[in-house]
Trainee: 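Dumping the structure here so I can ask a few things about it.
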Amino acid sequence: MKFFNVHLSARSEDAERFDTLIAPSGTVATLNHISKDCGIPAEGFDGAFPDEEKVQHAIKASVEKSLSQGEIPVVMSTLLVYNAEQSLAFIADLKREFKQRVVTVVGGQLVPFATRAYLGNDHIDAVSIGDGEVLIPEVARDVQAGAVKGLYTGWLSSFLNRSRRGQFAFASYDDFFQIQERLEAQKEISGFSQLCIQGLGGPGCSWAANNKHGACDFCALQNIEEMNQRSLPELMQAERDLEDTFSPDRIFDVANQFLPFLNKVKNMQWLKKYIEERKKAGLRAKKYVYLTVGSIDEDIAALLAEAGVEEVFLGIDHFDPDALKEENKSHRSQSRLERTLNALAQNGITFRVGVVLGSATETERTLKTAEEGIHWIIDNEADSLVSLGAYPIYILPGSGVFERVRKMSDLQEVLHSFESKGYFNEEADEYLIRAYIQRHSDVDADAVIETANRLVAYAGAHIISHNYRQSPGAERLKK
């Protein structure tokens with residue numbers, strides 16, 4: 001038996017986004033780590049590099065080789081809102097070519113919201129909902145016994161033995177398709193190479209887990225309560241292994257909030273221990289992490305720099321006080337943002353930001369405030385600003401926004417299509433975004449989308465590069 005852990009890339013217009021190149025799928029690397037911990041040979045595939053077609057061809061070649069060696073190939077695909085349509089098409093293609101000689105399994109963030117579609121899909125052998133640390137051993141046992149079930153569910157939090165709870169895996173890039181070539185391409189284009197690992201602020205978001213009001217309204221990480229309980233020395237050893245094997249220039253901690261607490265005193269104590277353990281492990285790679293604006297001040301920023309953090313992503317999300325209140329971020333004032341950015345700059349830490357329009361009730365005033373806020377950042381923080389993303393709301397299953405959409409009677413046909421097929425196509429995505437904004441805001445959806453487009457234009461060189469193949473230094477990718 002051999003596991004093939006697969007994350008196909010986004011739709012065609014996003015397939016060459018710069019940020020997909022510098023973020024090899026941490027999910028695939030985690031599933032590889034779990035598989036190997038179970039004694040199961042595994043290969044990882046991420047469709048973003050070198051391109052989707054080559055990655056799919058490589059998966060098929062590896063499956064064929066596995067069969068020729070007498071193994072049972074198990075293809076485990078991660079389904080997300082942006083890649084489900086392509087992933088399901090590829091699974092069908094695999095089944096047409098290899099029939100019942102290959103076992104197909106789906107999991108991922110999207111699966112709980114369209115389970116019926118996946119269970120009714122003749123090309124899918126098993127549907128998994130929960131933590132891979134629990135599910136992979138069970139699936140492997142049943143594959144070996146020739147008794148694969150249709151549905152697998154399981155979470156670390158359900159273990160009666162408390163020592164098993166929160167023991168989430170880190171990452172393994174061994175046998176990850178073209179990882180060395182990808183690191184070289186990253187360095188050629190951006191000047192640094194980067195690997196991803198989920199640290200102790202995951203598996204979802206420590207803000208969502210610890211904030212009494214739950215996650216941000218537009219985020220799919222609602223009601224995340226089980227946090228990674230692995231120790232700091234274990235995390236440092238995992239990063240030490242990555243450094244020794246691949247020598248990345250930096251490591252991206254993909255937990256949606258790097259700091260595991262909301263309390264400043266606890267976070268300072270944790271960071272001091274983090275710094276101590278990092279020094280003991282002799283780590284050299286810098287860190288890129290997700291943080292909230294409210295979690296950073298002068299004291300925290302100084303410790304972040306000492307901990308090797310050179311860049312952060314801040315979910316600014318909006319600038320209007322009413323919009324921020326609706327998004328569960330009323331604490332995120334303009335003065336707090338200015339203090340945070342000043343603290344980062346004083347400690348040599350650069351930042352990336354994201355702004356989401358249309359999640360809250362937009363008015364002419366809120367759009368104007370958002371536009372003024374983005375202008376302020378670009379005009380005043382250009383030296384520290386690495387990139388800026390300005391987007392209309394994306395309807396993510398699992399988010400508070402999605403729950404509101406589900407109650408809109410005139411959208412039931414689109415939702416029924418999703419629940420029966422297991423994905424939103426591009427037309428359905430666009431329709432839902434416009435319909436939600438139109439019904440939830442006091443301005444037309446076009447006004448929201450046009451504001452986002454103006455902000456992208458104003459950001460200029462600071463906007464996320466969407467096509468890495470046309471970036472400076474990308475000639476090597478065309479060879």
Trainee: Salt-bridged, Glu138 to Lys149, with N to O below 4.0 Å?
Mentor: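 Yes, this pair counts.
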
Trainee: Side chains of Ser172 and Asn32: donor-acceptor distance under 3.5 Å anywhere?
Mentor: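 No donor-acceptor contact under 3.5 Å links the two side chains.
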
Trainee: For Val106, which of Thr78, Val127, Val6, Leu119 qualifies under side chain to side chain contact (heavy atoms under 4.5 Å, CB included)?
Mentor: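 The passing option is Val127.
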
Trainee: Would you say that Val111 contacts Ser128 through its side chain, given a criterion of any heavy-atom pair below 4.5 Å between the two side chains?
Mentor: no

Trainee: Going by distance alone, is a donor N or O of one side chain under 3.5 Å from an acceptor N or O of the other, for Ser231 and Glu234?
Mentor: yes

Trainee: If the threshold is 4.0 Å, N to carboxylate O, is there a salt bridge linking Lys287 and Glu310?
Mentor: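 Here Lys287 does not pair with Glu310 in a salt bridge, since their nearest N and O are not under 4.0 Å apart.
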
Trainee: Compute whether any side-chain donor of one residue and acceptor of the other, for Arg352 and Ser387, lie under 3.5 angstrom apart.
Mentor: yes

Trainee: Compute whether any side-chain donor of one residue and acceptor of the other, for Thr27 and Thr30, lie under 3.5 angstrom apart.
Mentor: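 No donor-acceptor contact under 3.5 Å links the two side chains.
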
Trainee: Taking side chain as C-beta onward, heavy atoms only, is Asp297 less than 4.5 Å from Arg339?
Mentor: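 With C-beta onward as the side chain, the pair touches.
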
Trainee: If the threshold is 4.0 Å, N to carboxylate O, is there a salt bridge linking Lys286 and Asp249?
Mentor: no

Trainee: Got a salt bridge between Arg250 and Glu311, using NZ or NE/NH1/NH2 to carboxylate O under 4.0 Å?
Mentor: yes

Trainee: Under 3.5 Å, is there a donor on one side chain and an acceptor on the other for Tyr82 and Asp429?
Mentor: no

Trainee: Taking the six-membered ring of Phe319 as reference, does the cationic atom of Arg332 (NZ for Lys, CZ for Arg) lie under 6.0 Å from its centre and within 45° of its axis?
Mentor: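 Checked: cation-pi criterion met.
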
Trainee: Is a side-chain donor-acceptor pair under 3.5 Å present for Gln237 with Asp241?
Mentor: yes

Trainee: The test is side chain to side chain contact (heavy atoms under 4.5 Å, CB included); show your working for Ile129 and Tyr152 and say whether it passes.
Mentor: CA-CA 6 Å; Ile129 300 174; Tyr152 292 83; over 6 Å; no

Trainee: Is it true that Glu184 and Lys187 have a side-chain N and a carboxylate O under 4.0 angstrom from each other?
Mentor: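 A salt bridge is absent here (no side-chain N lies under 4.0 Å from a carboxylate O).
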
Trainee: Taking NZ, NE, NH1 and NH2 as the nitrogens, is one of them in Lys273 or Glu276 under 4.0 Å from a carboxylate oxygen of the other?
Mentor: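 Salt bridge: no.
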
Trainee: Using a 3.5 Å distance criterion without hydrogens, assess whether the side chain of Asn380 forms a donor-acceptor pair with backbone atoms of Ile377.
Mentor: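 Side chain of Asn380 to backbone of Ile377, a donor-acceptor pair under 3.5 Å: no, none is there.
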
Trainee: Where do Ile395 and Ile393 land on the side chain to side chain contact (heavy atoms under 4.5 Å, CB included) test, with the steps shown first?
Mentor: CA-CA 6 Å; Ile395 312 299; Ile393 179 66; 4.3 Å; yes

